[in-house]
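In the text below, chain A, chain B and the rest are named by the order of the sequence lines, each starting its count at 1.
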Number of protein chains: 2
Amino acid sequence: MKQESRKQEIVNAAAILFKEKGYSAVTMRDLATAMGIKAASLYNHIQSKQEILSTIIIELAEEFTTGMNQIVSSDKSSIQKLENIISLHIDVTLRNADGLASLNNDWMHLEEKNLLYFEKMRQDYEGNFRKIVKKGVDVNEIKSNNIEIIVFSTLSTLRTLYLWYPKQKNIDANILKRDMISVLLKGVV
Amino acid sequence: MKQESRKQEIVNAAAILFKEKGYSAVTMRDLATAMGIKAASLYNHIQSKQEILSTIIIELAEEFTTGMNQIVSSDKSSIQKLENIISLHIDVTLRNADGLASLNNDWMHLEEKNLLYFEKMRQDYEGNFRKIVKKGVDVNEIKSNNIEIIVFSTLSTLRTLYLWYPKQKNIDANILKRDMISVLLKGVV
DNA sequence: GTCTATAGTAGGATAGAC
DNA sequence: GTCTATCCTACTATAGAC
C-alpha cells in the first residue's frame, strides 16, 4: 500500500505470527527468523514491537470506521445498510485476514494512547450498528424482539470471518456476500 | 467442584487474568498478586503455569464433548438437537465464562500432548455439529444452500457468548436460550 | 541494511527457612 | 502454606562495525 515496503513486509510477517500465537508469545527473534534476518536488524525499519501491533490494528480499525461512516450517512434502508456492513467485513477480511486476528485478540496490548483511540472507534462502530438495527425495527423492516442478540450474533460472525475464510477453498467474494447476507439476515427480516 | 479448593481458587483467578490479557501476557507474579501471595507460593498448589492452562481448557473441552455425545446419541430431530447444542453452550458459559476465554484464545499454548487431545475434541465437536446440520438438510428440516456458513455462523456466535453474556444485566438463562434459539435458527428453518 | 555483542529487565521455577 | 533469596533463561532494544 505504502512505499515503505520493507516495513510493510515486517508488518505482514508479524501479522501472520501474531495470528498463530498471539502478540505476547511472538518474540522479535521469531519475527526476525521469519524474515530471514537477525532481530537487531528489524529495528532499522520499525521502532518497537508495539509499533508493529498498532500499525496493524489502527489501520484496520480506521478502515472499518471509514466504511461504517459511509454506510451510516448513505440514503439506504436499514436492511441495505446491514447488507453493506456484511459486505464491508468480507472485503476487509479478504484483504487482510491475518491482521484481523490482532485486531480481535490483541487490541488490549496497545499502549495507552492507541488503546483509547481503538476503544473509541470500536464503541462507535457498535453504536452505529445498533442504531441501524433499532431503526430497522422501528420502521418494521426488521422483525425481532431482541435487538441485542441480533447485534451480538451478527457481529460475532462477521468478526470471526478471518478464521473461517482461509479454510474455504476459492470462494468467490460475491457468492460469499450473497450467502452470508442470506444466512445472517433471513432470521431477521 | 473438587475438594482441592486452593488450587481451584488459583485456577479461577488465573482464568480471569487470562481472559483480560491472554495466557502469555499474564505472569506468575500477576497471578500471585491477584491471590494476595507471592509467586513462589503458587507452586505449592500447582506444578507449572502450563498446568493451570490445561486444567482450565481440558475440563471445558471435555464438558462440551460429553454434552455433544449425549445430544448426538439422543432420539431427537435435527432442529431439537441444534436447540440442545445452543442450550449446552449457554449452560457452560453461565457456569464458566472466564475459562471459555482461554479455550477460545489460548488453546495453542497447550503443550504437545494436551494440544493434540484438545484439537481432536474440537474437530470431533465440529464434525458432529456439521453432521447434524447435514442430516437436517437431507430430511428437509433445515432449508439452506450453504451448510458451511450455517455451521460457521452458529458456532461463531455460540463461542463468543462468553464475551457478550457478562455485559448483559440479569438475563434469565431460559429466556436467553429461547431468544438465542429464535435468532440463530429462524434464518435456517 | 544487516551483522555481532551486549545492556538491562523480566520471566518461570526451585531451595530452604519459618 | 507462605516467605525471601536466587538461578537460569529469554526478552526488547541499543551501540557500533561492516
Is there side-chain contact between [X] and [Y], with at least one heavy-atom pair below 4.5 Å?
| X | Y | result |
| --- | --- | --- |
| B:Leu82 | B:Thr154 | no |
| A:Thr157 | B:Thr157 | yes |
| B:Ile46 | B:Met28 | yes |
| A:Asn84 | A:Gln70 | no |

To the nearest Å, give me how far apart [atom1] ([X]) and [atom2] ([N]) are.
| X | N | atom1 | atom2 | result |
| --- | --- | --- | --- | --- |
| A:Leu53 | D:dA13 | CG | P | 12 Å |
| B:Gln47 | C:dT14 | CD | P | 9 Å |
| B:Asp30 | C:dG11 | CG | P | 7 Å |
| B:His109 | C:dG12 | NE2 | C1' | 15 Å |
| B:Leu42 | C:dG11 | CG | C1' | 14 Å |
| B:Glu51 | C:dG12 | CD | P | 15 Å |
| B:Ile46 | C:dG12 | CD1 | C1' | 10 Å |
| B:Ile52 | C:dG11 | CD1 | P | 15 Å |

Check your understanding: Looking at the rings of A:Tyr125 and A:His89, which for Trp means the six-membered one, are their centres under 6.0 Å apart?
Key ->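 Yes; A:His89 has its ring centre under 6.0 Å from that of A:Tyr125.
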
Review point. Hey, what do you get for CG (B:Leu42) to CD1 (B:Ile37), rounding to the nearest 0.5 Å?
Key: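 The distance works out to 4.5 Å.
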
**Study point:** side-chain N/O B:Tyr43 vs C:dT14 OP1/OP2, d < 4.0 Å
**Key:**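 Answer is no, no contact under 4.0 Å.
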
Exercise for review: Tell me yes or no: between the side chains of A:Ser78 and A:Lys135, is some donor less than 3.5 Å from an acceptor?
Suggested key: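 No donor-acceptor contact under 3.5 Å links the two side chains.
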
Check your understanding: Using a distance-only test with no angle check, is there a side-chain donor-acceptor pair under 3.5 angstrom linking B:Tyr117 and B:Glu112?
Key ->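 The answer is no; no qualifying pair exists.
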
Check your understanding: Counting side-chain heavy atoms from CB outward, which of D:dA13, D:dG1, C:dA13 is closest to B:Ser48?
Key ->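 Selected nucleotide (nearest to the side chain): C:dA13.
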
Exercise for review: Look at the side chain of B:Lys49 and decide which nucleotide, out of C:dG12, D:dA13, D:dT12, has an atom nearest to it.
Suggested key: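 Per side-chain heavy atoms of B:Lys49, the pick is C:dG12.
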
Review point. Among residues 13-26 of chain B, which residues get a heavy atom nearer than 4.0 Å to DNA chain C?
Key: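 Going residue by residue through residues 13-26 of chain B, the ones with a heavy atom under 4.0 Å of DNA chain C turn out to be B:Val26.
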
Review point. Among pairs that include at least one residue of residues 156-178 of chain B, which meet ring pair (Phe, Tyr, Trp, His ring centres under 6.0 Å), considering only residues two or more places apart or in two chains?
Key: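 Residue pairs with at least one partner in residues 156-178 of chain B: A:Phe152-B:Trp164.
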
Revision key, fill the gap. 5' to 3', nucleotides 3-8 of chain D under a 4.0 Å protein heavy-atom cut-off (B base, S sugar-phosphate only, - none) gives BBB---

